[in-house]
J.: 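Before I ask anything, let me first share the structure, which is written out below as structure tokens.
By convention in this document, chain letters (A, B, ...) are assigned in the order of the sequence lines, proteins followed by strands, and residues within each chain are numbered from 1. Basis for what follows: all heavy atoms, side chains included, without hydrogens, waters or symmetry-related copies.
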Amino acid sequence: MLGLDFIRQNLELVRQSLVNRRSDLTLDAFAELDAARRRLIGEVEQRKALLNRISPQIGALLKSGQQSAADAKRAEMRQLKADIEALEAEREGVERRLQELVRVIPNVPHASVPPGDESANQEVARWGAPRAFDFEPKDHVELGVALDMLDLDRAAKISGARFAALKGLGAKLERALINFMLDLHLGEHGYVEVLPPFIVNADSLFGTGQLPKFEQDLFKLTDERGLYLIPTAEVPVTNLHRGELLDGARLPIRYVAYTPCFRSEAGSYGRDTRGLIRQHQFDKVELVAFAKPEESYAELERLTSHAEAVLQRLELPYRKVTLATGDLGFASAKTYDLEVWLPSQGTYREISSCSNFEAFQARRADIRFRREPGAKPEFVHTLNGSGLAVGRTWLALLENHQQADGSVTIPPSLRPYLGGLAQLGGGPRSSA
RNA sequence: GGAGGGGUGGCCGAGCGGCUGAAGGCGCAGCAUUGGAAAUGCUGUAUACGGGAAACUGUAUCGAGGGUUCGAAUCCCUCCUCCUCCGCCA
């Protein structure tokens, strides 16, 4: 959410940012609503000030026994209160319309973000080279099923489309990846581990920006408490500090959290229907940071490099892309996507998304910090990034490290998490 | 599920119809004291939204919302949440 002051003072900038984002929102109503709001606030408060002045006079009159004078004042009060009520109703109407407008205005992209739609996304780095296969590489479904690691048919039976069951070494590989990622971010990157609730309330989803605009993407529980399954750990972890005033000396605060993520994937019918690419439930290790405004872009680079470190140690070729204005998420000011090479698709696919939200989420969730004792509270900048999406890492690993015989080589850094195992399938083990 | 007790400022904690934006303490900041520090003393120290160039000023806020009243942190109602005990249970 943007501040009313900010929008008022930067109306053209915000308007331009909506154009750049390919948004069809208009700000035509803003100036009028904003002015009306401020006028009504003034009028209401003027009358309330009068009320506050008269009230103690009545007490004094009653004490000194001047009943009729007190009654006259009471009548005056009644009239004032009626006026206030009418003005207040008007103000509430205006404020509601203003809120409805402001709450759906997306964040203003950072100046370094290229304008344009998806096709304007900018590749900024490439690591590793797609492997040249001397055989026809299989996709992860074929590999996973053959290795008895993946069962999509039975998952469909028990839950429906877009669900998967991992089995045997498939399940163990998922667990190994989670632990590998967590340990890396904890031990070498200095994050604090959090295991948050997987179910959250509407206020939390509003805080990070999923509500009110994107409710259709969420799984909502039906038990009348208004709870939702988390679509990402970003929601519970960022909201950990909702409504809090943080000590500036403790910033930056860095959390890493493993959670499953639940997404309805409404509107993605027909896309990525095969395999593990797009699921209703998937595991993710998420990095979340709270930083001072002047440090947040350095933090974004840092956080992104932490996600990259996972890909590098798993020897997975990837590229880093700056999302263009039109492809940017609602709450983000700048986002790097990390895209891993998938041999079966002959293309790079998103495996991590690292964003700086600046004060957009902090304003919605009321997360502030005090720079030093006595200083005025300021909104923090919030950031997060996948480090990484575990399901997609699982499938990228199978596809990139597959051998001609259908076995899969495990990169050395992951072997300790699989009891030293260097290879999935193949060799004497599978021929037995 | 049953019974009871709480939610007040950065933190702890008093207040239980007007004199309370709120005692006291802690923390923090400034000053004094000191060779320096500790200790001590004095002073200051909430947020949001309006108005104002500024000094300053108005309004609101004691978990949230509603009600009673001329007037509510204080009384009433609803909800949220935390704690204790009993029951059930991974």
J.: How far does the P atom of rG27(B) sit from the matching atom of rA38(B), given to the nearest Å?
T.: 12 Å
J.: Searching all strands shown, indicate the nucleotide that pairs with rU20(B) (Watson-Crick or G-U wobble; both distances under 3.5 Å).
T.: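 The answer is none; no pair meets the criterion.
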J.: Atom CG of L227(A) to atom C1' of rC80(B): distance rounded to whole Å?
T.: 12 Å
J.: To the nearest Å, give me how far apart CD1 (I41(A)) and P (rC49(B)) are.
T.: 10 Å
J.: In the structure shown, which nucleotide is the Watson-Crick or G-U wobble counterpart of rC49(B), with both distances under 3.5 Å?
T.: rG58(B)
J.: Could you state the CD-P distance from E95(A) to rA60(B), rounded to the nearest angstrom?
T.: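 Taking CD of E95(A) and P of rA60(B), I get 15 Å after rounding.
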J.: Using atom P of each nucleotide, how far apart are rG24(B) and rC82(B) to the nearest Å?
T.: 33 Å
J.: In whole Å, I'd like the distance from the CD atom of E43(A) to the P atom of rG51(B).
T.: 13 Å
J.: Using the ring of each side chain (for Trp, its six-membered ring), is H189(A) parallel, tilted or perpendicular to H185(A), with breaks at 30° and 60°?
T.: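 Answer is tilted, since the angle falls between 30° and 60°.
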J.: Mind checking R37(A) for me? I need base, sugar-phosphate or nothing, with any heavy atom below 4.0 Å counting as a touch.
T.: sugar-phosphate
J.: Would you tell me whether K334(A) and S112(A) have side-chain atoms, one donor and one acceptor, within less than 3.5 Å of each other?
T.: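 The criterion, which ignores hydrogens and geometry beyond distance, is satisfied for S112(A) and K334(A).
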J.: Please determine, by modelled atom types, if H140(A) and E399(A) share a side-chain donor-acceptor pair under 3.5 angstrom.
T.: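 Distance-only check passes for H140(A) and E399(A).
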J.: Whole-Å distance between rG10(B) C1' and R250(A) CZ?
T.: 13 Å
J.: Which listed nucleotide (rU59(B), rC49(B), rC70(B)) is nearest to the side chain of I58(A)?
T.: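 In terms of side-chain proximity for I58(A), the closest of rU59(B), rC49(B), rC70(B) is rC70(B).
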J.: Is there a Watson-Crick or G-U wobble partner for rC28(B) with both distances under 3.5 Å, and which nucleotide is it?
T.: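 Across all strands, the one nucleotide that pairs with rC28(B) is rG44(B).
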J.: Can you tell me how far P in rA73(B) sits from the matching atom in rG65(B), rounded to whole Å?
T.: 13 Å
J.: Given atom CG of L245(A) and atom P of rG27(B), what is their separation to the nearest angstrom?
T.: 19 Å
J.: With a 4.0 Å cut-off on N to O distance, would you call K157(A) and D153(A) a salt bridge?
T.: no
J.: Indicate, with a heavy-atom threshold strictly under 4.0 Å, whether N52(A) touches base, sugar-phosphate, or nothing.
T.: sugar-phosphate
J.: What integer distance in Å separates Q66(A):CD from rC70(B):C1'?
T.: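 Rounded to the whole Å, the gap is 15 Å.
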J.: Where the side chain of L62(A) is defined as all heavy atoms beyond and including C-beta, which of rU47(B), rU59(B), rC70(B) is the nearest nucleotide?
T.: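 Out of rU47(B), rU59(B), rC70(B), the nucleotide with an atom closest to L62(A)'s side chain is rC70(B).
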J.: With distance as the sole criterion, is a donor-acceptor pair present between the side chains of Q210(A) and Y228(A) under 3.5 Å?
T.: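 No.
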J.: At a heavy-atom distance below 4.0 Å, what parts of residues 360-372 of chain A sit against RNA chain B?
T.: R368(A), R370(A)
J.: Evaluate L342(A) against L395(A) for side chain to side chain contact (heavy atoms under 4.5 Å, CB included), listing each step before the verdict.
T.: CA-CA 9 Å; L342(A) 291 189; L395(A) 73 91; 3.7 Å; yes
J.: Expressed in whole Å, how much space separates the P atoms belonging to rA72(B) and rG18(B)?
T.: 11 Å
J.: Considering only atom C1', compute the distance from rU61(B) to rA22(B) and round it to an integer number of Å.
T.: 12 Å
J.: Return whichever of P377(A) or G42(A) has its heavy-atom-nearest nucleotide of RNA chain B closer to the 5' end.
T.: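 Its nearest nucleotide being more 5', the pick is P377(A).
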J.: Of all the choices, rG50(B), rU59(B), rG71(B), which nucleotide is nearest to the side chain of S55(A) once you look at every atom?
T.: rG71(B)
J.: If you apply the rule side chain to side chain contact (heavy atoms under 4.5 Å, CB included), what do you find for T238(A) with I367(A), and how did you get there?
T.: CA-CA 9 Å; T238(A) 305; I367(A) 309 171; 4.3 Å; yes
J.: Can you list, by residue number, the residues of residues 73-93 of chain A that have a non-hydrogen atom closer than 4.0 angstrom to RNA chain B?
T.: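 R74(A), M77(A), K81(A) - these, ordered by number, are the residues of the stretch whose heavy atoms sit under 4.0 Å from the strand.
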J.: Considering only atom C1', compute the distance from rU34(B) to rA48(B) and round it to an integer number of Å.
T.: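 Result for the C1' pair: 43 Å, nearest Å.
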J.: For I54(A) and rU69(B), what is the distance between atoms CD1 and P respectively, to the nearest whole Å?
T.: 18 Å
J.: Across all strands shown, which nucleotide pairs with rG35(B) by Watson-Crick or G-U wobble geometry, both distances under 3.5 Å?
T.: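 Paired with rG35(B), as far as the under-3.5 Å criterion goes, is no nucleotide at all.
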J.: Would you kindly say whether S268(A) and R278(A) are connected by a side-chain donor-acceptor distance under 3.5 Å?
T.: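 Their side chains do not contain a donor-acceptor pair, so the 3.5 Å distance test is not met.
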J.: Could you measure between the two C1' atoms, the one in rG50(B) and the one in rC31(B), and give it in whole Å?
T.: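 It works out to 36 Å between them.
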J.: Does rA64(B) pair with anything, Watson-Crick or G-U wobble, both distances under 3.5 Å, and if so, with which nucleotide?
T.: rU78(B)
J.: Determine whether the side chains of Y258(A) and E193(A) contain a donor N or O and an acceptor N or O closer than 3.5 Å.
T.: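 Side-chain D/A pair, Y258(A) to E193(A): absent.
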J.: Roughly how many Å apart are rC26(B) and rC76(B), using the P atom of each and rounding to a whole number?
T.: 35 Å
J.: Looking at E118(A), I'd like to know if its CD atom is crowded, meaning that more than 12 non-hydrogen atoms belonging to other residues, nucleotides or ligands lie closer than 6.0 Å.
T.: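 Result for CD/E118(A): open.
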J.: Now, which nucleotide makes the Watson-Crick or G-U wobble pair with rC89(B), with each of the two distances under 3.5 Å?
T.: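 When the pairing criteria are applied, nothing turns out to pair with rC89(B), so the answer is none.
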J.: Is K48(A) near enough to rC70(B) that one of its side-chain N or O atoms lies under 4.0 angstrom from OP1 or OP2?
T.: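 Looking at the OP1 and OP2 atoms of rC70(B), neither is under 4.0 Å from any side-chain N or O of K48(A).
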J.: Is the cationic atom of R364(A) (NZ for Lys, CZ for Arg) positioned less than 6.0 Å from the six-membered ring centroid of F206(A) and within 45 degrees of its normal?
T.: yes
J.: Do Y417(A) and D183(A) meet the criterion of a side-chain donor-acceptor pair at a distance under 3.5 Å?
T.: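 The criterion, which ignores hydrogens and geometry beyond distance, is satisfied for D183(A) and Y417(A).
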